[in-house]
Protein chains: 2
Amino acid sequence: MRFRDHFAAMIEAGTLAPGTRLPPERALAEEFSITRVTVRQALIRMEAEGLIFREQRRGWFVSPPRVHYDPTANTSFTESITEQGRVAGTTVLSKQQVAASKWESTHLGCAVGDPVFIISRLRTVDGRPVLVEQIYVKAERCPGLLDYPLDQSMTDLMASKFGIIEHRAQINMRPTALSEVPAKALGVAVGTPSLYLSRAILDQFDEVVELDQEFWRHDAIDICVSAAGRASG
Amino acid sequence: MRFRDHFAAMIEAGTLAPGTRLPPERALAEEFSITRVTVRQALIRMEAEGLIFREQRRGWFVSPPRVHYDPTANTSFTESITEQGRVAGTTVLSKQQVAASKWESTHLGCAVGDPVFIISRLRTVDGRPVLVEQIYVKAERCPGLLDYPLDQSMTDLMASKFGIIEHRAQINMRPTALSEVPAKALGVAVGTPSLYLSRAILDQFDEVVELDQEFWRHDAIDICVSAAGRASG
DNA sequence: ACCATCCACTGGTCTATACCAGACGAAAAG
DNA sequence: CTTTTCGTCTGGTATAGACCAGTGGATGGT
């Protein structure tokens with residue numbers, strides 16, 4: 001598809017600056033003498049490649065550079081983004097107390113029905129939403145947690161107010177596609193590719209003290225982790 | 001889209017076993033009284049979600065479970081897959097010596113034009129290709145490397161034959177889409193979502209001794225890493 | 001000056017159809 | 001029995017058009 005190649009070349013060559021808005025699909029179709037369906041296939045492919053992104057019914061834009069993120073590091077999201085010369089933002093979408101379902105009880109290591117806090121937050125970089133996260137903690141361990149300011153580092157809060165210190169974390173990641181709820185929060189189309197990242201934080205007794213689920217825009221993240229020596233590979 | 005929901009429910013409920021072939025797109029279109037274009041959108045969406053996958057012009061199939069993979073761990077690909085009760089396979093696609101380009105020289109820490117070995121391998125799980133990898137090493141450090149059997153653990157080989165021991169690794173990951181070459185090797189359509197994983201292996205002098213680039217099927221992998229305690233998050 | 005309303009424009013979904021290209025199996029040739 | 005040929009079935013790409021549903025700016029009322 002020459003259309004895709006044309007645009008991909010322009011973007012990679014830096015002719016089009018990040019954030020630039022592309023012409024409407026109908027205009028592109030006419031300009032290149034192809035169907036809108038075809039334009040769409042090409043755009044979606046470039047989206048999958050991370051070159052461009054869309055905002056719901058607003059248009060297509062050239063993607064900004066990915067942010068580096070080390071899920072194993074000792075820096076918070078905000079710190080990490082700031083170090084990269086960009087502006088981080090956090091919004092609390094919801095906070096609630098629920099009775100643990102089967103899923104929550106097994107992942108948090110508590111009984112079904114136990115009180116659990118669920119905090120949902122949206123995080124932005126340079127004003128653009130890049131991930132939604134859902135934080136699960138056992139309510140008993142953090143009384144009154146929801147009354148503290150929740151748009152800051154959860155780990156700092158847990159440590160200073162409840163004496164909960166992270167000892168180890170088990171991190172899982174996999175590419176997936178966004179379902180309705182996180183898609184709406186990120187302001188993208190349902191089914192958009194994304195990266196699912198979960199982090200189970202354990203204390204020194206190997207008890208789960210916090211469970212994070214993060215849904216990242218697939219084009220926003222570049223995960224960097226450092227590993228100590230291996231014996232074989 | 002009720003079509004997508006119908007199938008997604010069937011697959012998640014386990015009604016359709018992994019590896020099961022779906023009816024042809026045309027048959028599905030007729031059965032659900034929708035267009036083939038629409039069927040295709042739904043199928044591609046389910047593919048993005050990791051529920052199903054396709055083989056070039058052969059049909060659509062229900063995805064097998066993801067394999068767990070720890071890029072920071074002390075186990076090789078084969079060991080790790082075997083532990084999960086599945087069968088790993090490795091095929092050498094190509095091996096060659098080239099003069100380092102700009103890209104290779106900067107990533108390997110050598111001069112442009114220096115001799116570099118490039119080994120390309122395909123790795124399978126239960127017979128299904130899950131990743132293609134490209135291994136770059138400085139030729140001077142591993143004389144005759146290409147004459148050794150290359151379908152086994154590279155790190156073992158490097159250690160036993162050339163005394164090269166991994167001290168640290170820098171790993172990067174990001175979701176992307178497959179370009180023509182790796183797509184062909186994996187037997188999937190160009191533009192299919194994938195996970196790009198690169199691993200720079202450093203020795204005790206922080207010199208790069210090996211550079212791996214892995215292109216994973218996005219629906220085949222579940223990355224698991226373990227992190228030692230953090231101070232904030 | 002502010003706010004509510006409206007409407008044009010955007011992408012999102014869908015119908016209907018056509019032809020191309022590779023995979024694969026059956027039939028024909030050696 | 002093996003090899004080659006060939007046709008059928010698969011997905012892959014494309015055209016042409018229609019309507020729906022939020023966004024956001026212009027418009028007009030207060």
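Just so it is clear: chains get the letters A, B, ... in the order the sequence lines come, proteins before strands, and each one is counted from 1.
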Take atom [atom1] of [X] and atom [atom2] of [N], then tell me their distance rounded to the nearest Å.
| X | N | atom1 | atom2 | answer |
| --- | --- | --- | --- | --- |
| E30(B) | dA16(C) | CD | P | 12 Å |
| E180(A) | dA21(D) | CD | C1' | 14 Å |
| E47(A) | dG12(C) | CD | C1' | 13 Å |
| I44(B) | dC14(C) | CD1 | P | 13 Å |
| R40(B) | dT13(C) | CZ | P | 17 Å |
| F61(B) | dG11(D) | CZ | P | 9 Å |
| R45(B) | dG12(C) | CZ | P | 13 Å |

Run the side chain to side chain donor-acceptor pair (under 3.5 Å) test against [X] and tell me which residues pass, sequence neighbours left out.
| X | result |
| --- | --- |
| D151(A) | none |
| Q134(B) | none |
| T20(A) | none |
| E55(B) | R58(B) |

Could I get the full list of side-chain contact (heavy atoms from CB on, under 4.5 Å) partners for N172(A), not counting sequence neighbours?
->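 If we apply the side-chain contact (heavy atoms from CB on, under 4.5 Å) test to N172(A), skipping adjacent residues, the hits are Q170(A), S198(A), D222(B), C224(B).
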Protein-proximity profile, nucleotides 5-10 of chain C, B/S/- by nucleotide at the 4.0 Å heavy-atom cutoff, equals -----B
Listed nucleotide nearest any side-chain atom of [X], set [options]:
| X | options | answer |
| --- | --- | --- |
| Q41(B) | dC19(C), dA16(D), dT13(C) | dT13(C) |
| R36(B) | dT13(C), dA16(C), dG12(D) | dG12(D) |
| I34(B) | dG11(D), dT15(C), dT13(C) | dT15(C) |

For this session: Report the relative orientation of the aromatic rings in W216(A) and Y69(A); use parallel for angles under 30°, tilted for 30 to 60°, perpendicular for over 60°.
Result: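 Correct class here is tilted.
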Quick check on dT13(C): is either OP1 or OP2 less than 4.0 Å from any side-chain nitrogen or oxygen of T38(B)?
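No, no such contact exists.
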